[in-house]
A.B. asks: 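Handing you this structure, nothing more for now.
What you are looking at is a predicted structure, and each value in this text was computed from that prediction instead of being measured. Reminder, nothing fancy here: chain letters follow the sequence lines and each chain counts from 1.
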Amino acid sequence: MTLRVYNTLSAGKEEFIPVEPGKVRMYVCGVTVYDHCHIGHARANVVFDVIYRYLRHLDLEVTYVRNYTDIDDKIINRAIKEGVPFNEISERFIAEFDRDMARLGLELPTHQPKATEHIAEIIAIVRTLVDKGAAYQAGGDVYFCVERFDGYLKLSGRNLEEMQAGARIEVDERKRHPMDFALWKEAKPGEPFWDSPWGKGRPGWHIECSAMSMKYLGETFDIHGGGKDLIFPHHENEIAQSEAATGRRFVKYWLHNGFVNINAEKMSKSLGNFFTIKEVLEKYDSEVLRFFLLSAHYRSPLDFSDQNLAEAEAGMERIYKALAGIDEALAGKPAPVGASATLAEAEGELREKGASFPERFREAMDDDFNTALALGNVFDLVRSVNRFLAEGGGNKEESRPLLAAARAGIRELGEVLGVFTSEPAAYFERIKGRKVAQLTIAPEEIERLIAERAAARSARDFRRGDEIRDLLLAKGIVLLDGPQETTWKVK
RNA sequence: GGCGGCGUAGCCAAGUGGUAAGGCAGAGGUCUGCAAAACCUUUAUUCAGCGGUUCAAAUCCGCUCGCCGCCUCCA
């Protein structure tokens, strides 16, 4: 099976064939650094991080570029509001972005260029477009002439007439065509600026991505990604200006991720219905958030809610418990035996599931990065593992390769998706620690009560024992009676 | 108004022609002094509705209803 990807340009899945065999060049639109990132940004970045990892997993040599838009109206507006230079705003939020992405466990892209560090390249492209007659100067601005580019709107599947009919903004009368867009914007008094052949100004929004992507990846590259909301106008305009400048195909595969919704509505700054990554990570583990974001196909909408995150956490717990069980069995820890079905049957099932798992993982990922299916397969394998362990299979020396194979399969998947990468014990500690912080009872008090209960139980005073358990349960503590000792967890 | 997408069990979700993965929640059982966890069984004759094509449709076509997105900055 070969990798197939959904290409927005053709509106269908296509076999992925890199421009240069064995190598992949991909560019993903980063963020405009004027505020904290929300879960929608988290999704886009996690999704492309997984795509990046999977392509490398396929032994492709990947060059991954993700930019920072560090000059634009919103940054300038915030700078004016705070009375600071614009770059103080952009630098602050670049640092915030980097921190968020690191916490989400993202790999670093090969290059992370900033628009302001590529002004010369931007000016060069704009000059080329003007020279070719695809752009024109109007005062201190330079506009791209959409009528001079035949393929305009080929990505979003619209046409110019319809767009004008639905236009909701006032048209600048200096534009030759209402849809013409700015490549270069004249600086207003007090705004940051760079010198250019057209006077002091700054780049328009779209041109920076053309300049940076082509600088690091060449005039034609494989993958260009971003959120669905970038299809029009951003990516459409990138295609127009890039292809008009080079005369070549700009991008082979356009990939777009779906939105994160709140109550079925798009999470966005303008609607104000967003949660920042920072806020969510205060309540949930970053691995849980990643798992949640990958639990639906990347092109589908994903509804963000407390219940959905809690379910993701419950699912993660199930998987980590199974991993812990495997590790204990492999370490030779004897497991209790107690079963209804036969061990041989469970062993056969585990052998089959474990053997087919890597292949099923590849098939899922090869089908347009179907992480939801891949994670479903993990649960399937986990059930076989649990069953096998529950039947006492972990006690058999000769059955260890089966468990090791399952462990290896999940580890392989985990490395690509960036989940299940912790030691199970470390994961449970993290989750517990986070919850303990919210308790109204001190851990020392819990331990004291557990000791009292142990004494009561050994005296067969179950009544007092149950009393203590109920008391702790009321405070959100669940007691787990093991063969040797009683441990606890937060409900 | 134009263009596009979605509607699968109580909830989340995979499945784009071959007879409904998986998770969460729920119910019953095994285990346990009682619990928890784990395991077993169980929960959609059916995929928004109505027609059509086909030996066969959740999957293709048409219509209807509902929801959402883009058309303005947006991941």
A.B. asks: Write down the distance between NZ (K321(A)) and C1' (rA37(B)), rounded to a whole number of angstrom.
C.D. replies: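 Checked: the NZ to C1' distance equals 5 Å.
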A.B. asks: Starting at CD of Q307(A) and ending at P of rG26(B), how long is that distance when rounded to a whole Å?
C.D. replies: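 Rounding to the nearest Å, CD of Q307(A) and P of rG26(B) are 11 Å apart.
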A.B. asks: Pairing check on rC70(B): which nucleotide meets the Watson-Crick or G-U wobble criteria with it, both distances under 3.5 Å?
C.D. replies: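 Its partner is rG2(B).
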A.B. asks: Going 5' to 3' along nucleotides 14-20 of chain B, which nucleotides have protein heavy atoms under 4.0 Å from the base (write B), which only from the sugar-phosphate (write S), and which from neither (write -)?
C.D. replies: SS-----
A.B. asks: Name all residues meeting the side-chain contact (heavy atoms from CB on, under 4.5 Å) criterion together with K489(A); count only those two or more places apart in sequence or in a different chain, and write none if there are none.
C.D. replies: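 Listed in chain order: E317(A), K321(A), V478(A), L480(A).
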A.B. asks: Separation of L309(A) atom CG from rG23(B) atom C1', in whole Å?
C.D. replies: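 Rounded to the whole Å, the gap is 15 Å.
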A.B. asks: Which pair of heavy atoms, one from A372(A) and one from H297(A), lies closest together, and at what distance?
C.D. replies: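 Between these two residues, the closest heavy atoms are CB-N, 3.9 Å.
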A.B. asks: For the rings on F250(A) and F221(A), is their centre-to-centre separation under 6.0 Å?
C.D. replies: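 Under 6.0 Å, so yes.
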A.B. asks: Tell me whether the count of non-hydrogen atoms from other residues, nucleotides or ligands lying under 6.0 Å of CD in E423(A) goes above 12.
C.D. replies: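 No, CD of E423(A) has 12 or fewer neighbouring heavy atoms, counting only those of other groups under 6.0 Å.
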A.B. asks: Counting neighbours of CZ on F275(A) that are heavy atoms of other residues, nucleotides or ligands and sit closer than 6.0 Å, is the number greater than 12?
C.D. replies: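 No, the 6.0 Å shell around CZ holds no more than 12 heavy atoms from other groups.
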A.B. asks: CE of M316(A) versus C1' of rG22(B): gap in Å, rounded?
C.D. replies: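 In whole Å, rG22(B) C1' and M316(A) CE are 16 Å from each other.
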A.B. asks: Searching all strands shown, indicate the nucleotide that pairs with rG18(B) (Watson-Crick or G-U wobble; both distances under 3.5 Å).
C.D. replies: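 Partner of rG18(B): rC55(B).
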A.B. asks: Consider the side chain of R453(A), meaning its heavy atoms from C-beta on, and name the nucleotide among rG33(B), rA75(B), rG22(B) that approaches it most closely.
C.D. replies: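 Nearest listed nucleotide: rG33(B).
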A.B. asks: Any side-chain N or O of N257(A) below 4.0 angstrom from OP1/OP2 of rA75(B)?
C.D. replies: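 Indeed not, no polar side-chain atom of N257(A) lies that close.
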A.B. asks: Given atom CZ of R318(A) and atom P of rA36(B), what is their separation to the nearest angstrom?
C.D. replies: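 Roughly 16 Å, once rounded to whole Å.
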A.B. asks: Applying the Watson-Crick and G-U wobble criteria at under 3.5 Å, what pairs with rC31(B)? Answer none if nothing qualifies.
C.D. replies: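 For rC31(B), the partner nucleotide comes out as none, under the 3.5 Å rule.
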A.B. asks: Under 6.0 Å from the ring centre and within 45 degrees of the ring axis: does the NZ or CZ of K228(A) meet both conditions for the six-membered ring of F259(A)?
C.D. replies: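 No, K228(A) and F259(A) do not form such a contact.
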A.B. asks: Could you tell me how far apart I468(A) (CD1) and rA36(B) (P) are, to the nearest whole angstrom?
C.D. replies: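 Rounded to whole Å, this separation is 19 Å.
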A.B. asks: Any strand counts, and the cut-off is 3.5 Å on both contacts for Watson-Crick or G-U wobble. Which nucleotide pairs with rA44(B)?
C.D. replies: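 WC or wobble partner does not exist here.
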A.B. asks: Should rC65(B) form a Watson-Crick or G-U wobble pair with both distances under 3.5 Å, which nucleotide is its partner?
C.D. replies: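 Checking every strand shown, rC65(B) finds its partner in rG7(B), with both distances under 3.5 Å.
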